[in-house]
Undergrad: 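Structure in structure tokens, see below.
We count ligands from 1, going down the list as the structure has it; atoms in each ligand are counted the same way.
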Amino acid sequence: MVKFSGNGVSGGIAVGKLFLFRKEKREAENRRAKDAGREEERFEAARAEASRQLGELRKKAFRDAGEEGAGIFEAHQMILEDEEFLGFIHAEIAERQASAEYAVAQAGDKFAGMLAAIGDERLRERAADVRDVAERLAAILSGGGDAEELLREPMILAAEELTPSETARFPKEKLLAVVTRRGSEHSHAAILARTMGVPAVVCPALPLSPEANGKEAAVDGDAGEVYLEPDEGAKEALGKKRAERLEEERRLRLLREEADVTLDGRRVRLYANIGRPSDVDVALRSGAGGIGLFRSEFLYLERSDFPTEEEQFRAYREVLERMGGKKVIVRTMDIGADKTAGYFGLDKEENPAMGCRAIRICLSRPELFKTQMRALYRASCYGNLAVMFPMVASAWEVKKLKELAAEARGELAAASVPFREAELGVMVETPAAALISDELAEEVDFFSVGTNDLTQYALAADRQNAKLEAFYQPRHTAVLRLIGMTVKNAHAAGIWVGICGELAADVSMTETFLRMGVDELSVSPSMILRVRKAIREADCGAQRPAPCREDGMIRKGGRKR
Ligand code: PEP
Ligand code: MG
């Protein structure tokens, strides 16, 4: 047994087999190959393996979903036989001395790009198929297996580092735990692990050699420890710890149906943060009063083209319907920084966290934003929808976004498509937004403080950089003052304010926030019951809730559209 210490970024304990996730190698040094014949052989072997994998998947899909499900993989197998696709790859290898990896990546980009450019929805789907096949071939060539296939049984996923989209790609029920060598507690990959309730540890010393693949491991997300081939003593100790955790969870579950009311009788809204529609189950199981943050950008990740209005509509409708009339706050796409999607075609930036991301993309490409808003408004008929805008720094941005939202409503009305009004809000996650929250409050119905970004921008400490953990302090006085100022300005204008960053789940802060006057806390589903307990043990003294529309009170001067 070898024990490694790291940083626990998502709590919980798991024991199981380690699965090494290796990414496709598409680096420049792999572009050229000396021996074209060898590259041809490698490509043909990868093609045969891809065909075999697809055959298996086709059989499985036929069993699970019939003819239609199997058809997808049949189409993928046909791409592996497509003369033009193969001709291009062979020419890249033979004439331009490309490595097999590089030739495959080039073919994927070229043919998918051609299909996507045609603008026909059906062909756009074909573009996604081509990319999928190219990625499968690339994964086989780089020695990594087919992730979905290898994760047939629940495993502990180990990787150098994971992006948010890679983390989201694995089915939750197959993920016992996640261990990476690099990563920060405040990154979206870690947040996603917490949302899914999967233990996660960042462990720089963990060996990721092929021999570790398939070995038994144990992960303690609370202590930040990873055991390779744990002995009986370690397994017993972890088993005991897990039993204690389960007992604590059992006690917390007794609070599932209890109200979110403080000792002095103040009612607080306790909502859940989700990243994809499937997270609704765990949000409901944990007794969430609503969804306080649906990170809609996850609908844009792990794919090769923009989600259509129809696809988005279906996802939002599913969440709204399953929440059965409880509030669902969707944050418009926050693409950029660590959440990238190649097909957006964004330029490479020196400082992506401060670059073209979130509403900055929406304002420069209004059609993208309006597609999302139309999908949201269409879904609004199926529940209690609110929409909020991320990364706001100026009032003009909000005014423009509201204009575009009004255009989206106008387009639906012109086409006689039903929709309902939705509350509109601003995420306060730049110091500028907090400092001008009096101005912003005149524009919207609510604020939601994103402390993850607010902390990084207020303290100039990159949330992705694990070396800055000592400098990235969400409880820093500067951050708390910005929150306090936001609450004061919100209430003065008669709107409500919540916190949806990870700090909302810090139970040592619950009473402080409620005393400040925060109206809503939105946290990972796995933290709901812990925060409910803290709310029920808090005493807010004389602090009264905000006069907000939901409590039957109307903001001063009526609602501004
Ligand atoms: C935040 O910044 O606090 C937030 C909730 O948004 P995200 O973590 O997705 O950037
Ligand atoms: Mg943010």
Side-chain angles (χ1 to χ4, degrees), residues 9-10 163-165 167-168 183-196 271-276 279 283 288 290-301 328-341 351-362 386-393 397 425-434 437 446-465 472-476 478-480 482-483 486 497-506 509 513 518 520-525 527 531:
V9 297
S10 178
T163 64
S165 56
T167 314
S184 117
E185 187 180 339
H186 316 286
S187 70
H188 282 98
I191 290 174
L192 209 62
R194 291 197 285 275
T195 304
M196 299 196 287
Y271 292 172
N273 294 346
I274 62 167
R276 43 190 188 173
D279 297 333
I291 302 296
L293 168 64
F294 175 6
R295 290 182 162 97
S296 71
E297 59 277 6
F298 282 101
L299 299 176
Y300 292 71
L301 302 179
V328 174
I329 305 176
V330 179
R331 173 268 285 287
T332 56
M333 58 148 170
D334 186 12
I335 290 289
D338 60 332
K339 289 173 289 192
T340 51
N351 292 305
M354 293 197 282
C356 190
R357 59 177 285 198
I359 57 152
R360 297 174 183 180
I361 300 176
C362 295
V387 178
M388 64 184 178
F389 308 128
M391 293 299 297
V392 165
E397 296 163 347
V426 156
M427 282 188 81
V428 175
E429 46 185 0
T430 66
S437 48
F446 68 96
F447 287 150
S448 185
V449 184
T451 50
N452 308 334
D453 277 316
L454 187 62
T455 303
Q456 86 163 337
Y457 297 124
L459 304 182
D462 182 355
R463 65 191 268 190
Q464 297 292 114
N465 189 338
Y472 181 99
Q473 293 176 6
R475 287 181 292 195
H476 193 290
V479 179
L480 299 183
L482 290 167
I483 299 174
T486 304
V497 49
I499 302 179
C500 64
E502 295 295 293
L503 191 59
D506 181 340
M509 294 300 292
F513 290 143
V518 169
E520 177 239 22
L521 294 169
S522 191
V523 301
S524 294
M527 286 306 292
V531 177

Undergrad: So do the side chains of Arg331 and Met391 get within less than 4.5 Å of each other, counting heavy atoms only?
TA: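 No - every pair of side-chain heavy atoms lies 4.5 Å or more apart.
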Undergrad: Classify the contact between His186 and ligand 1 as side chain, backbone, both or neither, using a heavy-atom distance cut-off of under 4.0 Å.
TA: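 Neither part.
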Undergrad: Looking at Gly501, which atoms of ligand 1 are within less than 4.0 Å of one of its heavy atoms?
TA: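 Every atom of ligand 1 under 4.0 Å from some heavy atom of Gly501: 3 (O), 5 (C).
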Undergrad: Measuring only between side-chain heavy atoms, which start at C-beta, is His188 closer than 4.5 Å to Leu301?
TA: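 Heavy-atom side-chain distance check fails, nothing below 4.5 Å.
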Undergrad: Using side-chain heavy atoms (C-beta onward) and a distance below 4.5 Å, is Val330 in contact with Ile291?
TA: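 Not in contact.
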Undergrad: Nearest to the Mg ion (ligand 2), which N, O or S atom of Glu429 do we find?
TA: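 The nearest such atom is OE1.
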Undergrad: Please work out, at 4.0 Å between heavy atoms, whether the side chain, the backbone, both, or neither of Arg295 comes within that distance of ligand 1.
TA: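 Side chain only; the backbone of Arg295 stays clear of ligand 1.
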Undergrad: Does Asn465 reach the side chain of Ser184, with side-chain heavy atoms less than 4.5 Å apart?
TA: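 No, their side chains stay 4.5 Å or more apart.
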Undergrad: In plain terms, say whether Glu397 and Arg360 are close enough for a salt bridge, that is, a side-chain N and a carboxylate O under 4.0 Å apart.
TA: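 Answer for the salt bridge query: no.
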Undergrad: As an exercise, identify every atom of ligand 1 less than 4.0 angstrom from a heavy atom of Arg463.
TA: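 So the answer, numbered in order with elements, is 2 (O), 7 (P), 8 (O), 10 (O).
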Undergrad: Does Arg357 come within less than 4.0 Å of Asp453, counting only side-chain N to carboxylate O?
TA: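 Yes, Arg357 and Asp453 are salt-bridged.
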Undergrad: Check for me whether Met427 has a heavy atom closer than 4.0 Å to any atom of ligand 1.
TA: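 A heavy atom of Met427 does come that close to ligand 1.
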Undergrad: Considering the heavy atoms of Asp453, write down every atom of ligand 1 situated less than 4.0 Å from one of them.
TA: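 Every atom of ligand 1 under 4.0 Å from some heavy atom of Asp453: 1 (C), 2 (O), 3 (O), 10 (O).
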Undergrad: Is a side-chain donor or acceptor of Thr455 paired with a backbone partner of Tyr472 at a separation under 3.5 angstrom?
TA: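 No, because the side chain of Thr455 does not come within donor-acceptor range (under 3.5 Å) of the backbone of Tyr472.
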Undergrad: Can you tell if the side chain of Asn273 reaches within under 4.5 Å of the side chain of Arg295, non-hydrogen atoms only?
TA: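 Asn273 reaches Arg295 side chain to side chain.
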Undergrad: Considering Asn273, Asp334, Asn452 one by one, which has a heavy atom nearer to atom 3 (O) of ligand 1 than any of the others?
TA: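 Shortest heavy-atom distance from atom 3 (O) of ligand 1: Asn452.
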Undergrad: With heavy atoms of Glu429 as the reference, note each atom of ligand 1 found under 4.0 Å away.
TA: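 Listed by number with element: 1 (C), 2 (O), 4 (C), 6 (O).
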Undergrad: Show the nearest heavy-atom pair for residues Gly292 and Ser522, with the distance to one decimal.
TA: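 Where Gly292 meets Ser522 most closely, the heavy atoms are CA-OG, 3.1 Å.
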Undergrad: Can you tell me which portion of Leu293 lies within the under-4.0 Å heavy-atom range of ligand 1? Options are side chain, backbone, both, or neither.
TA: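 Only the side chain of Leu293 comes within reach of ligand 1.
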Undergrad: Among all protein heavy atoms, pick the one closest to atom 6 (O) of ligand 1 and tell me residue, atom and distance.
TA: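 The closest one turns out to be Arg331 NH1, 3.3 Å.
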Undergrad: What is the name of the N/O/S atom of Asp453 that is nearest to the Mg ion (ligand 2)?
TA: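 In Asp453, the heteroatom (N, O or S) nearest the Mg ion (ligand 2) is OD2.
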Undergrad: Applying a strict 4.0 Å limit to heavy atoms, is Gln456 in contact with ligand 1?
TA: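 Contact check Gln456 vs ligand 1: negative.
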Undergrad: Calculate, to the nearest 0.5 Å, the distance between atoms CE and CD1 belonging to Met509 and Ile483 respectively.
TA: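 The CE atom of Met509 sits 7.0 Å away from the CD1 atom of Ile483.
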Undergrad: Between Lys339 and ligand 1, which part of the residue brings a heavy atom under 4.0 Å of the ligand: side chain, backbone, both or neither?
TA: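 Only the side chain of Lys339 comes within reach of ligand 1.
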Undergrad: Does an N or O anywhere in His188 fall below 3.5 Å from an N or O of ligand 1?
TA: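 Yes; the residue has a nitrogen or oxygen that sits under 3.5 Å from a nitrogen or oxygen of the ligand.
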